Each structure stands twice: as structure tokens, then as C-alpha cells.
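Here, residue 1 is the first one in the sequence, and each next residue gets the next number. Just follow the structure's listing: the first ligand is 1, and inside any ligand the first atom is 1. None of these values were measured; they are calculated from a predicted model.
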Amino acid sequence: MQIAVLGAGSMGHGIAHVSAMAGHDVVLRDVESGFVENGLEEIRTNLQGGVDRDKLTDAEMEATLERIEGTTDLEAAVEDAALVIEAVPEDMDLKKDVFSDVEDATGEETIIASNTSSLSVTEIASALEYPERAVGLHFFNPPHIMDLVEVVVAEQTNDRAEKFAIDYVRDIEKEDVVVRDTAGFATSRLGLVLGLEAIRMVERGIASPADIDEGMTLGYGHPMGPLELTDHVGLDVRLHIAEHLREELGERFKPPQSLRRKVQAGKLGKKSGEGYYVWEDGERVGMSGRWDDDA
Ligand SMILES: NC(=O)c1ccc[n+]([C@@H]2O[C@H](COP(=O)([O-])OP(=O)(O)OC[C@H]3O[C@@H](n4cnc5c(N)ncnc54)[C@H](O)[C@@H]3O)[C@@H](O)[C@H]2O)c1
């Protein structure tokens with residue numbers, strides 16, 4: 001089928017990649033041609049990585065790239081699409097505008113999906129005249145590696161849109177979980193509980209970040225501990241989500257003081273060089289603050 005992906009950033013190019021790999025024709029749209037080119041370049045790099053690891057052949061890589069077209073023209077991107085997936089920045093007004101613009105340029109049958117990680121799909125869908133075709137498709141980063149997609153069912157989503165979304169997820173060989181539209185969906189909500197509690201444990205000196213993380217990787221089989229994951233996601237991003245979930249779901253999501261302090265100090269995790277760990281050239285080289293000597 002024809003799929004339009006709006007936004008060629010971290011998530012958009014990955015969603016275009018996995019859709020084209022499954023044989024769909026994809027149009028990748030961003031607001032500037034430089035962003036589109038970057039997205040297409042990232043897809044080529046990631047596909048080449050797959051070829052280098054013998055996951056796919058050169059011919060499969062070229063065929064996948066041929067199925068992806070880049071553009072800055074919204075109308076051209078969406079007019080023939082059966083499915084439109086937006087992956088523009090996490091801003092409610094922007095997402096509503098994008099949904100509404102898409103609706104103006106497509107037929108009534110087109111399914112319009114949002115890759116939002118925390119906003120209400122119900123509210124985004126309210127920008128549509130026919131909101132029953134809206135649904136959430138929450139991919140995980142990076143989409144070409146991560147197997148899960150949460151299918152988020154908004155208040156308005158009808159059975160056809162829900163089934164369409166589930167079929168699409170299975171078709172691109174990902175695993176679907178279906179979630180009602182609530183703050184944090186299923187994964188962010190549970191992942192954050194673990195992250196916030198780990199931060200409180202560090203705050204109270206119960207154990208070092210590395211020991212807590214090792215406890216969860218070796219003891220529970222998690223691929224990465226909650227504090228290292230917090231550094232990867234960004235402390236500012238986690239704080240923002242915690243504040244949102246606290247507002248929506250209650251005090252159990254109250255952000256710990258130390259998380260707030262670190263964000264105020266610009267210690268945002270891997271991207272700033274320090275969070276619960278110290279990072280150099282993308283590698284973990286030690287622990288932050290009083291745990292430094294134990295690193
Ligand atoms: N990064 C993650 O780990 C992650 C994981 C799951 C979901 N998400 C969600 O995916 C969405 C995108 O996040 P991202 O990390 O890819 O952001 P990003 O900043 O990397 O990319 C967003 C892209 O959208 C483009 N854009 C802005 N306005 C646009 C418009 N009107 N039409 C088309 N493109 C437009 C920007 O130029 C940019 O290239 C957000 O809703 C985010 O919450 C992100």
C-alpha cells in the first residue's frame with residue numbers, strides 16, 4: 001500500500017525504513033529538503049548496516065530504497081496514501097495542525113496515525129472532521145531494531161481503524177500491543193515507575209547507579225538498567241513525562257528532587273555528557289557525583 005510518513009527525524013525515517021522493507025511504497029515528508037535528505041541518508045546507512053551484518057542483500061537494500069520517495073510537499077505526500085503516520089515534534093498544537101492539513105488533502109478512508117509518545121491521541125484526533133479514522137502507532141527507538149509498536153485506541157477510533165493499525169504492525173513484522181488512550185499508554189507508564197524509584201534509591205544512598213542497574217540486568221534480565229536508560233532517554237525528557245503523568249494519574253509519578261536538580265544543572269544524560277553516569281564520545285566512563293570513586 002501507499003504510506004506517507006510526516007517528519008524525517010529520528011522516528012520518521014525509521015518508520016519509513018520498516019514500512020518500505022515490508023514492501024510498501026513510502027513518501028517521507030519534512031518541512032525542508034535538507035531534513036528529507038538527512039532522513040534518506042540515515043535509512044541508507046541503517047540498511048547498509050543490515051547488509052554488513054548479513055541481515056539483507058544489496059539487492060534488497062536497493063529495492064527498499066527505491067520504494068521510498070522524499071518530498072517537502074504535504075499534498076503530494078498524502079493524496080494517494082492509505083495510511084499517514086505523523087512523526088513531527090511532540091507538540092499538541094503542531095500535531096493537531098498536521099492532522100487537520102492531512103485530512104484536507106486526503107480521502108475519507110485514509111487512516112491517520114500519530115507516533116506521539118505521551119500526548120492524548122483523542123485530543124489530536126479532535127482536530128479531524130472524521131476522527132474515527134485516527135489511531136496511535138507508538139514505535140520505539142530505533143524503529144528498525146525495536147520489535148514493539150503500541151496501537152493506541154483513541155475515544156473516537158472505530159473498529160476499522162484499530163484493525164487496520166494492527167494489520168499494518170503485523171505486516172511490517174513488529175509485535176503489537178493494543179492500549180486504550182491513557183497517559184503514558186502501557187510502556188511509558190511502567191518504565192517510568194521503575195526509573196523514578198531507581199532515582200529515589202540513588203538519592204537515599206541505597207546503592208550506586210551501576211549496582212542498581214546491574215541488579216536489573218543480571219537479576220531481572222532487562223537489557224539495560226533503569227538509570228542508564230534514563231541517561232539514554234534524557235533526564236529532561238523523563239522529567240517532562242513524569243510531570244505529565246503526575247498531572248494525569250497522581251502523586252505516585254511525582255518527580256524526585258534530584259532529577260529536577262540535575263536537569264536544572266544541565267545534566268541531561270548521555271547527550272550532555274553527564275546524568276547518572278559520565279559519558280565521553282557516547283561511552284559510559286564513570287558515575288556522576290558522590291558515586292564517582294566507585295566507577
Ligand atoms: N525519539 C524517540 O525516542 C521517540 C520514541 C517514540 C516516539 N517518539 C515521538 O515521535 C515524534 C517525533 O519524534 P522524533 O524524536 O523523531 O523528533 P525529531 O525532532 O527527531 O524529528 C521531527 C521531525 O519533524 C519535522 N517536522 C516538523 N514539523 C513538521 C511538519 N509540519 N511536517 C513534517 N515534518 C515536520 C522536523 O523538521 C523534524 O525533522 C514525537 O511525537 C515523539 O514524541 C519519539
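Ion pairing between Glu283 and Lys270 fails under the 4.0 Å rule for side-chain N and carboxylate O.
For residues 210-258, the ring pair (Phe, Tyr, Trp, His ring centres under 6.0 Å) pairs, not counting sequence neighbours, are His232-Trp279. Sorted by first and then second residue, the pairs that involve residues 214-242 and meet salt bridge (charged side-chain N to carboxylate O under 4.0 Å, His left out), not counting sequence neighbours, are Glu228-Arg284, Asp236-Lys271. Contacts classified as side-chain hydrogen bond (donor to acceptor under 3.5 Å, both in side chains) and involving residues 175-204 (residues at least two apart or in different chains) are given here: Ser120-Asp181, Thr122-Asp181, Glu150-Thr187, Arg170-Asp176, Glu197-Arg200, Glu203-Ser258.
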CA sep, side-chain torsions, deciding dist, call: Val36, Thr71, side chain to side chain contact (heavy atoms under 4.5 Å, CB included): CA-CA 7 Å; Val36 177; Thr71 186; over 6 Å; no
May I have the N/O to N/O pairs between ligand 1 and the protein that fall below 3.5 Å, each with atom names and distance to one decimal?
from	atom 1	to	atom 2	distance (Å)
ligand 1	3 (O)	Asn141	ND2	3.1
ligand 1	10 (O)	Asn115	ND2	2.9
ligand 1	16 (O)	Ser10	N	3.3
ligand 1	16 (O)	Met11	N	2.8
ligand 1	20 (O)	Ser10	N	3.0
ligand 1	20 (O)	Ser10	OG	3.2
ligand 1	32 (N)	Arg29	NH1	3.0
ligand 1	34 (N)	Gly7	N	3.4
ligand 1	37 (O)	Asp30	OD1	2.7
ligand 1	39 (O)	Asp30	OD2	2.7
ligand 1	41 (O)	Val88	O	3.4
ligand 1	41 (O)	Glu90	OE1	2.5
ligand 1	41 (O)	Lys95	NZ	2.7
ligand 1	43 (O)	Glu90	OE1	2.9
ligand 1	43 (O)	Ser117	OG	2.7

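Arg133 pairs with exactly one of Glu108, Glu109, Glu103 by the side chain to side chain donor-acceptor pair (under 3.5 Å) rule, that one being Glu103.
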